[in-house]
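A short worksheet on the structure shown next.
Just so you know, these numbers use all the heavy atoms, side chains as well, and skip hydrogens, waters and symmetry mates.
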Amino acid sequence: MADPKGFLNHEREIAKTRPVEERVKDWNEVYQPGSLLPIISKQASRCMDCGIPFCHNGCPLGNLIPEWNDYAYREDWTEASERLHATNNFPEFTGRLCPAPCEAACVLGINQPPVTIKNVEVSIIDKAWDNGDVTPQPPERLSGKTVAVIGSGPAGLAAAQQLTRAGHTVAVYERADRIGGLLRYGIPEFKMEKRHINRRIEQMRAEGTKFRTEVEIGRDLDAKKLRKRYDAVVIAAGSTTSRDLPVPGRELNGIHFAMEYLPLANKVQEGDLTVAPISAEGKHVVVIGGGDTGADCVGTAHRQGAASVTQLEIMGKPGDERNPNQPWPTFPMLYKVTSAHEEGGERVYSVSTTHFEGDEDGNVQWLHLTEVEFKDGRPEPKPGTERKIPAQLVTLAMGFTGTDRENGLVEQFGLELDERGNIGRDADFATNVPGVYVAGDAGRGQSLIVWAIAEGRSAAKGVDRFLTGVSALPAPIKPTDRALTV
């Protein structure tokens, strides 16, 4: 145990963010550079090194959290990095983007604010990059087997890195023009600067992984031909079909899915565009959906100079403390103020959109809504609560309903789907097609980045065993595992 009295002597302290008036003028990450290192040793000392560390159960990766907390407390960054990478291929991604179910499961969190696990994690990996501790790990020998990975999000990249290090020749196919999947074009720059992806890609290239961009399996390359070309295939194409809002006026100009809106802002930051074709500048913006994707739209609209930003959520406002039916160590639904919400805008709960109203040119101008209350699990309008709000740009951030069915990938492979419309798989993450495996949201449905990386690592073990008969690769989860929630 790092410091037996650490949790008694030190209060929880998190990374400091830059002033709102400063950060909304740029697209850099919101945190103050270097603000964590002076405090992180004390924060790591708050870890109690529990006999049964429930943080392990909260994290699907099985991160060895007490161990790297101890090393961080001692400022042994090299050993801390080794422990961190033992279970997680990309801790700089999770340390910035994960909602930290590990912290919800922290034993200290029963009666105190939990350990700042996420901040310790990102401090370790950033220090590891600075110290040169993150280096390519090419295999000692090649197996002679080839693997295609479809999709370059966190699940695809994790599977590809594990299989490359196991000695297989791996090629990653990505339909976009750059590698990264939703990490690249779904996550705004202010949440994670893309240089973090770029240097991981260079590490993977040095290890031997090949990357093929602007190739969409199903459209640009027939899935059956791909299967014949490789000894095995991993489908990590994500859950990219956005949930729509079929109400009158949906066809008006200015109403877009979040994943139509967010990638264009990222392309501006990549230098591909001077101005985003869909921009919030000078407009009244309404974001429908109260999750992380909705918050990303809110922060993006602020930086584009929106006249106003309103975020709508059909569910009621969560509380500030755990609900009795969400006991520790489950992940609670709490009222969360993200960096985007700190920057302004209005959040409206328990409302549902009834229809949109446009001008004579077919552009959306107003959003009509009503308050709702849930009866038998279904939202019912409350009479007399109808009203309208200005809306010149509307983004739909209501989640995703499954993997893309329009590009032909599912049909060309002949894949079976489960009852939820995801690609079915067995205990080894194998589909009904021999040699074809599925990892991440394509098989699980919309989920968190930690689950995607865990699935990529687990599917890699299944593929390795299929190719060689045995595998020493770790498999942190089974396809049927679910988060600690109720």
Open item on the list: Just to verify, what does F211 make a ring-ring contact (aromatic ring centres under 6.0 Å, His included) with, not counting sequence neighbours?
Closed with: none
TODO: For T300 and D296, indicate whether the former's side chain and the latter's backbone hold a donor-acceptor pair under 3.5 Å.
DONE: yes
- [ ] Kindly indicate whether the side chain of S123, heavy atoms from C-beta on, has any atom under 4.5 Å from the side chain of D126.
- [x] no
- [ ] Go through D404 and T240 one step at a time and tell me if the side chain to side chain donor-acceptor pair (under 3.5 Å) criterion holds.
- [x] CA-CA 6 Å; D404 192 342; T240 56; 4.8 Å; no
Open item on the list: Between the side chains of R18 and D26, is the shortest nitrogen-to-carboxylate-oxygen separation below 4.0 Å, so that they form an ion pair?
Closed with: yes
Open item on the list: Do N266 and P263 make a side-chain contact, defined as non-hydrogen atoms from C-beta onward lying under 4.5 Å apart?
Closed with: no
Task: Within-4.5 Å side-chain heavy-atom neighbours: N422 and T403 - done: no
TODO: Report the C-alpha separation of D177 and K267 in whole Å, then their side-chain angles, then the decisive distance to 0.1 Å, and conclude whether the salt bridge (Lys or Arg N to Asp or Glu O under 4.0 Å) test is met.
DONE: CA-CA 10 Å; D177 59 346; K267 281 184 170 292; 3.1 Å; yes
Open item on the list: Test your reading of the model: is there a side-chain donor-acceptor pair from R457 to the backbone of T87, 3.5 Å cut-off?
Closed with: yes
- [ ] Go through the steps to decide whether N89 and Q162 satisfy the test side chain to side chain donor-acceptor pair (under 3.5 Å), and finish with yes or no.
- [x] CA-CA 8 Å; N89 296 71; Q162 293 294 96; 3.1 Å; yes
Open item on the list: Counting C-beta onward and ignoring hydrogens, is there a side-chain heavy-atom pair between L369 and L367 closer than 4.5 Å?
Closed with: yes
Open item on the list: Keeping T431 on the side-chain end and V436 on the backbone end, is there a donor-acceptor pair under 3.5 Å?
Closed with: yes
Task: Result of checking R96, K194, K191 against E29 for salt bridge (Lys or Arg N to Asp or Glu O under 4.0 Å) - done: R96
- [ ] For salt bridge (Lys or Arg N to Asp or Glu O under 4.0 Å), just list the numbers for R205 and E202, CA-CA rounded to whole Å, side-chain angles, deciding distance to a tenth of an Å, and then say yes or no.
- [x] CA-CA 5 Å; R205 282 199 173 102; E202 291 310 308; 2.9 Å; yes
TODO: Indicate the atoms forming the closest heavy-atom contact of Q304 with A276, along with that distance.
DONE: NE2-CB, 4.0 Å
Open item on the list: Set out, in order, the CA-CA distance, both residues' side-chain angles and the distance that settles salt bridge (Lys or Arg N to Asp or Glu O under 4.0 Å) for D130 and K127, then state yes or no.
Closed with: CA-CA 5 Å; D130 291 342; K127 193 68 174 177; 5.7 Å; no
Open item on the list: If the threshold is 4.0 Å, N to carboxylate O, is there a salt bridge linking D220 and R175?
Closed with: no
TODO: For R227 and Y230, indicate whether the former's side chain and the latter's backbone hold a donor-acceptor pair under 3.5 Å.
DONE: yes
Open item on the list: Tell me whether E174 contacts the main-chain N or O of G151 through its side chain, where contact means a donor paired with an acceptor under 3.5 Å.
Closed with: no
Open item on the list: Using every non-hydrogen atom in the two residues, find where V463 and V147 come nearest and quote the distance to one decimal.
Closed with: CG1-CG2, 4.2 Å
Task: For R184, salt bridge (charged side-chain N to carboxylate O under 4.0 Å, His left out) partners two or more places apart - done: E270
- [ ] Give me the ring orientation class for H355 and H368: parallel if the planes are under 30° apart, tilted from 30 to 60°, perpendicular past 60°.
- [x] parallel
Open item on the list: If you compare all heavy atoms of A160 against all heavy atoms of V172, which two are closest, and at what distance to 0.1 Å?
Closed with: CB-CG2, 3.6 Å
TODO: State, with a plain yes or no, whether a side-chain heavy atom of E103 is found less than 4.5 Å away from one of F331.
DONE: no
Open item on the list: Could you check whether atom NZ of K25 has more than 12 heavy atoms from other residues, nucleotides or ligands sitting under 6.0 Å from it?
Closed with: no
TODO: With the side chain counted from C-beta on, respond yes when W68 and V120 share a heavy-atom pair under 4.5 Å apart, and no when they do not.
DONE: yes
- [ ] Under the side-chain contact (heavy atoms from CB on, under 4.5 Å) rule, what do L396 and F257 come out as? Steps first, then yes or no, please.
- [x] CA-CA 5 Å; L396 307 180; F257 290 120; 4.1 Å; yes
Task: Positive for side chain to side chain donor-acceptor pair (under 3.5 Å) with H341, one of K336, E346, H302, Q311 - done: Q311
Open item on the list: Whether the side chain of Q446 engages the backbone of S239 through a donor-acceptor N/O pair (distance < 3.5 Å, no angle test) should be reported.
Closed with: no
TODO: Look only at the side chain of Q43 and the backbone of T116, and say whether a donor-acceptor pair between them is shorter than 3.5 Å.
DONE: no
Task: Side chains of I124 and I40 in contact at under 4.5 Å (non-hydrogen atoms) - done: no
- [ ] State whether the side chain of T395 and the backbone N or O of H256 hold a donor-acceptor pair below 3.5 Å, judged by distance alone.
- [x] no
- [ ] Check whether any side-chain heavy atom of Q392 sits under 4.5 Å from a side-chain heavy atom of V364, and report yes or no.
- [x] no
TODO: Give a yes or no on whether a salt bridge exists between E343 and R23, defined as a side-chain N under 4.0 angstrom from a carboxylate O.
DONE: yes
Task: salt bridge (Lys or Arg N to Asp or Glu O under 4.0 Å) assessment of D272 paired with R178 - done: CA-CA 11 Å; D272 297 342; R178 289 182 177 86; 2.5 Å; yes
TODO: Please determine if R250 forms a cation-pi arrangement with F356, meaning its NZ or CZ atom is less than 6.0 Å from the six-membered ring centre and no more than 45° off the ring axis.
DONE: no
Open item on the list: Using the ring-ring contact (aromatic ring centres under 6.0 Å, His included) criterion, which residues pair with F413? Sequence neighbours excluded.
Closed with: none
Task: Contact summary for V433 and G414, nearest pair of heavy atoms - done: CG2-O, 3.9 Å
Donor-acceptor pairs under 3.5 angstrom involving side-chain atoms of residues 277-289: please list them, not counting sequence neighbours.
unit_1, atom_1, unit_2, atom_2, d
S279, OG, E281, N, 3.2
K283, NZ, S279, O, 3.2
H284, ND1, S308, OG, 2.8

Task: Reference residue I453; test side chain to side chain contact (heavy atoms under 4.5 Å, CB included); the match among N88, L448, L157 - done: N88
- [ ] Can you see which heavy atom on V438 is nearest to which on A442, and at what distance?
- [x] CG2-CB, 3.8 Å
Task: Where at least one partner belongs to residues 148-160, residue pairs that pass salt bridge (charged side-chain N to carboxylate O under 4.0 Å, His left out), sequence neighbours excluded - done: none
Task: Considering all heavy atoms, the nearest R200-F90 contact - done: CD-CD2, 3.7 Å
- [ ] First locate atom OG1 of T241, then atom CE of M259, and finally report the distance between them rounded to the nearest 0.5 Å.
- [x] 12.0 Å
TODO: Output all residues satisfying ring-ring contact (aromatic ring centres under 6.0 Å, His included) with H85, sequence neighbours left out; order by chain, then residue number.
DONE: none
TODO: Spell out, as yes or no, whether a donor-acceptor pair under 3.5 Å connects the side chain of E207 to the backbone of Q161.
DONE: no
Open item on the list: With rounding to the nearest 0.5 angstrom, report the CD1 to CZ distance, I150 to R212.
Closed with: 13.5 Å
Open item on the list: Checking the side chain of D231 only, and the main-chain atoms of T146 only, is there a donor and an acceptor separated by less than 3.5 Å?
Closed with: yes
TODO: Answer yes when E455 and R425 have at least one side-chain N-carboxylate O distance shorter than 4.0 Å, and no when they do not.
DONE: yes
